[in-house]
Asks: 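Handing you this structure, nothing more for now.
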There are 2 protein chains.
Amino acid sequence: MTNPLISKLERFTRLSSDERVTLDALASRKLRRIRSREHLIHEGDRLTCVNLIVVGWAHSYKVLADGRRQIVAFLLPGDLCDPHGYILNESDHSIAAVTPLTVAQLSPEEFEALNSPRLVQALRWDALVTSAIQREWTVNIGQRSALERTAHLILELFHRLESIGPINAKGYDFPIRQTEMADALGMTAVHTNRMLQILRKEHLIDLGDKHLAIPDLAALECLAMFNPNYLHLQHEGHHLDAKD
Amino acid sequence: MTNPLISKLERFTRLSSDERVTLDALASRKLRRIRSREHLIHEGDRLTCVNLIVVGWAHSYKVLADGRRQIVAFLLPGDLCDPHGYILNESDHSIAAVTPLTVAQLSPEEFEALNSPRLVQALRWDALVTSAIQREWTVNIGQRSALERTAHLILELFHRLESIGPINAKGYDFPIRQTEMADALGMTAVHTNRMLQILRKEHLIDLGDKHLAIPDLAALECLAMFNPNYLHLQHEGHHLDAKD
DNA sequence: CGGGTAATTGACCCGGGTCAACAGCAGTGG
DNA sequence: CCACTGCTGTTGACCCGGGTCAATTACCCG
C-alpha cells in the first residue's frame, strides 16, 4: 500500500526519506472522493489546484462541436492532473472518473513547495514522460492498424501500472469499458470489441470481468511494435539517488 | 526582425527589457546551421542542450519497426526542442529540418539560468501550450475526417505563425511538402493532395509555391471545427506583465 | 538535355464504420 | 420474487472513406 506517486518517481531516482514523507503527507490531506463518471474538471474551468490521483482511474478528453469525443489520456494512481496548469486561464480539456476516485488536491503553493532539487528533477521527468506518452498516442492512432493499436494501449497501461504498484502474477485490475478504449483509440466500440476478441483468441491477452492478464508479453509487444523507450523507466536519474 | 521566442512568450506576458536582452543574446550565440532534411536529433541520442529554432521549420517524428513514419510536431521559429530533455538518457523521437535551419544551442546551464520568476512562468506556459498542441493532434487524427483534419492543421500553423511574427496580408510562407503533411495527419500523400484540392476549389485556402493564404478564416475554422482555446493566446499571464 | 523530387490523377479495393438486433447482468421498484 | 430499465458487450450484414498502385506532369537544378 505504498504511495503510487512515490513508486513512480522512484523509477527515475531514489527519493530521500524526507521527500517521501512530504509526498505521503500531501497524498493524504485534502482528499476528495469522486463517483464513477463524475467530472473532476470541465473544459473551460479555471484550474485552482493540482489533483493527484490517489486511488482509481480517470481519463481526460476533448469533444468536438458535433459531439465526437476523443480520450486523450488515462490517468492512473500517482498521476498529477495538469501540473502547473493553474497558470492558465482555463483548461482546454475535461477530466472524468472512470472508476470511483480518491484525489488529493494540492494548492499551487503546496505543489510549488515540492522544490528540493531532486524532487524538481523527478517531477520534470514525470512531465517529460507524460508528454512522450501523448506523442506516442499520436503515433498509435496515426500509424498503427486497429489491432496493433489496441494491443499497444493495453501494453502501455500494463507498463505504467507495473511502475506504480506491486506486480500481481494473476494480472491487473483493468476497469475501462470498451467504449472508452474505442474513444481513446479513435475507433468504434464495435471494432474495438472485434480486436479484443482476436487478441483473446490468439491467447495474447486474458481480459474479462475488469481484469487483465498478458500470458505472452513478448508476443504482444511484437504484434504492437511496442518500444518502451518512451516511458523512460530505466532509472534514468540514478545519479541523483538519495543516500538514505 | 524581432526574436520569435520573445514574440511568442509575450503572447503570455510582457517581458522586461532585461529579459528580452537575455533572450536575444541566447538566440544569437552558438548558432548552428542545418541543411534541409538534415537531422537535429536522432531517436536514441542523448540530448546535451536545448535547441532553439531561430530561422526555418523542423518536424519531429517517430518511426515504427516496419518503417511507417508519424510526424508528431512541427517546430517553428521561437520553438524550443525538448526543454529539460537533457535530464533523460535518450531522446524518444527524432527531429529533422524541413527547410534550411538556424538553431541556437542552449546548454543546460544557460537554459536553467532563465530563472527570473516571470520568465519561468512564461516558459512553463510555453510548455503547457506545447502539450496542449500534442493533445489536439491526438483529437485531430482520432476524430476528424480527412478534410477537417487537413484544414485543422493548416489553421493551427496559421495561428502559431501569427503569434511569432508580423502578419503579412498576402499570406504566409508555408514550406511543408504534401508527404510531410500526410505523415503528420496519419494519411497518405495521395489523399492529402485530394483534400488540398477540395479546400482550394472551395476557396478556403490559397496554397501554392510554398505560400499560403486563407481568404475566409471563419469559414475554414467552421469546417475544421477549430477552437483556438488550446493555444492559450489570450495574454493569460497579463498579471505578470513587466512595467518597463 | 537529363535526372530527381513533388504534385496530380485515375482505377480499384479493403479496413474499419454504420446500423441493427440481441444477450447478459446489475440495480430498482412494485 | 419478478418485471422493467439501462448499460455493456457481442454478432451479423452492408457500405464507404481513404488506402494502394501506377502512370503522368511539372519543376528545379546541374
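A, B, ... follow the sequence lines: proteins, then strands. Residue 1 opens every chain. Only heavy atoms go into these numbers, but all of them, side chains included; no hydrogens, no water, no symmetry mates.
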Asks: Hey, does the side chain of A:Lys210 come within less than 4.0 Å of D:dG9's phosphate (OP1/OP2), counting only N and O?
Replies: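 Yes, because at least one side-chain N or O of A:Lys210 sits under 4.0 Å from OP1 or OP2 of D:dG9.
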Asks: By nearest atom, which of the nucleotides C:dG17, C:dT9, C:dT18 is closest to the A:Val190 side chain?
Replies: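 My answer, after comparing the listed nucleotides, is C:dT18.
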Asks: Strictly distance-based, threshold 3.5 Å: is any side-chain N or O of B:Gln143 a donor or acceptor partner for the main-chain N or O of A:Gly186?
Replies: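 Checking the backbone N and O of A:Gly186 against the side chain of B:Gln143, no donor-acceptor pair under 3.5 Å is found.
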Asks: NA contact type, B:Arg68, heavy-atom cut-off 4.0 Å: base, sugar-phosphate, or nothing?
Replies: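 Answer is nothing: B:Arg68 stays at 4.0 Å or more from every strand.
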Asks: Taking five pairs at each end of the helix from C:dC1-D:dG30 to C:dG30-D:dC1, what angle separates the two helix axes (nearest 10°)?
Replies: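 Taking five pairs per end, the axes differ by 40°.
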Asks: Among D:dT20, C:dA6, C:dG16, find the nucleotide with the atom closest to the side chain of B:Thr188.
Replies: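 Of D:dT20, C:dA6, C:dG16, D:dT20 is nearest to the side chain of B:Thr188.
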Asks: Could you check how far CZ of A:Arg177 sits from P of C:dA26, rounded to whole Å?
Replies: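 Going from A:Arg177 (CZ) to C:dA26 (P), I get 15 Å.
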Asks: Without decimals, in angstroms, what is the distance between A:Arg149 CZ and C:dG15 C1'?
Replies: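 Those two atoms, CZ and C1', are 10 Å apart.
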Asks: Determine whether B:Cys49 and B:Leu106 make a side-chain contact, defined as any pair of heavy atoms from C-beta on separated by less than 4.5 Å.
Replies: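 B:Cys49 does not reach B:Leu106 side chain to side chain.
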Asks: If you pin B:Met187 and A:Leu196 to their nearest nucleotides in DNA chain D, which one's is more 5'?
Replies: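 Closest to the 5' end, via its nearest nucleotide, is A:Leu196.
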Asks: Set out, in order, the CA-CA distance, both residues' side-chain angles and the distance that settles salt bridge (Lys or Arg N to Asp or Glu O under 4.0 Å) for B:Asp126 and B:Lys8, then state yes or no.
Replies: CA-CA 8 Å; B:Asp126 185 52; B:Lys8 183 172 60 161; 2.9 Å; yes
Asks: Ion pair present between B:Glu148 and A:Arg68, side-chain N to carboxylate O less than 4.0 angstrom?
Replies: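 Yes.
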Asks: If you look at every strand shown and take non-hydrogen atoms under 4.0 Å, does B:Arg200 touch a base, only sugar-phosphate, or nothing?
Replies: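 It contacts sugar-phosphate atoms only.
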Asks: Side-chain N or O of A:Asn193 less than 4.0 angstrom from OP1 or OP2 on D:dG9?
Replies: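 So the side-chain polar atoms of A:Asn193 never come under 4.0 Å of the phosphate oxygens OP1 or OP2 of D:dG9.
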Asks: For the pair made of CE in B:Met181 and C1' in C:dT8, what is the distance, rounded to whole Å?
Replies: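 Atom CE in B:Met181 sits about 16 Å away from atom C1' in C:dT8.
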Asks: Base, sugar-phosphate alone, or nothing: which one does B:Gly208 contact when heavy atoms must sit under 4.0 Å apart?
Replies: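 B:Gly208: no heavy atom of the nucleic acid under 4.0 Å.
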Asks: Using heavy atoms to find the nearest nucleotide of DNA chain C for B:Arg37 and A:Met195 separately, return the residue whose nucleotide is more 5′.
Replies: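 Nearest nucleotide further toward 5': that of B:Arg37.
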Asks: Considering all heavy atoms of both residues, which atom of A:Leu223 and which atom of A:Ala151 are nearest to each other, and what is their separation?
Replies: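 Distance-wise, the nearest heavy atoms are CD2-CB, 4.2 Å.
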Asks: Checking contacts here: which listed nucleotide (C:dT5, C:dG16, D:dT20) is nearest the side-chain heavy atoms of A:Ser145?
Replies: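 Selected nucleotide: C:dG16.
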Asks: Could you tell me how far apart B:His211 (NE2) and C:dA7 (P) are, to the nearest whole angstrom?
Replies: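 That distance rounds to 16 Å.
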Asks: Look at the side chain of A:Gln178 and decide which nucleotide, out of D:dG9, C:dT9, C:dG16, has an atom nearest to it.
Replies: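 For the A:Gln178 side chain, the nearest candidate turns out to be D:dG9.
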Asks: Report the distance from atom CG of B:Leu147 to atom C1' of D:dG19, rounded to the nearest whole Å.
Replies: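 That distance rounds to 17 Å.
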Asks: Once you round it to whole Å, what is the distance between P of D:dG18 and CD of B:Glu148?
Replies: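 Those two atoms, CD and P, are 9 Å apart.
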Asks: Quick one: do the A:Asp92 and B:Asn229 side chains pair a donor with an acceptor below 3.5 Å?
Replies: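 No, no side-chain donor-acceptor contact under 3.5 Å.
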Asks: Could you tell me which non-hydrogen atom of A:Leu88 sits nearest to which non-hydrogen atom of A:Arg46, and how far apart they are?
Replies: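 Reported closest heavy-atom pair: O-NH1, 3.5 Å.
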Asks: To the nearest Å, give me how far apart CD1 (A:Ile198) and P (D:dT11) are.
Replies: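 To the nearest whole Å, that distance equals 12 Å.
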Asks: D:dT20 P sits how many Å from B:His191 NE2, rounded?
Replies: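 It is 12 Å, rounded to the nearest whole Å.
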Asks: Confirm from the modelled atom types if A:Arg194 and D:dG12 form a donor-acceptor pair under 3.5 Å, side chain to base only.
Replies: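 Between D:dG12 and A:Arg194, which were checked side chain against base, a qualifying N/O pair under 3.5 Å is present.
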Asks: Quick check for you: among C:dG16, C:dA6, D:dT20, whose closest atom lies nearest to any side-chain atom of A:Ala146?
Replies: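 Of C:dG16, C:dA6, D:dT20, C:dG16 is nearest to the side chain of A:Ala146.
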Asks: About how many Å separate CE of B:Met187 and CG of B:Asn193, when rounded to the nearest 0.5 Å?
Replies: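 Result: 9.5 Å between the selected atoms.
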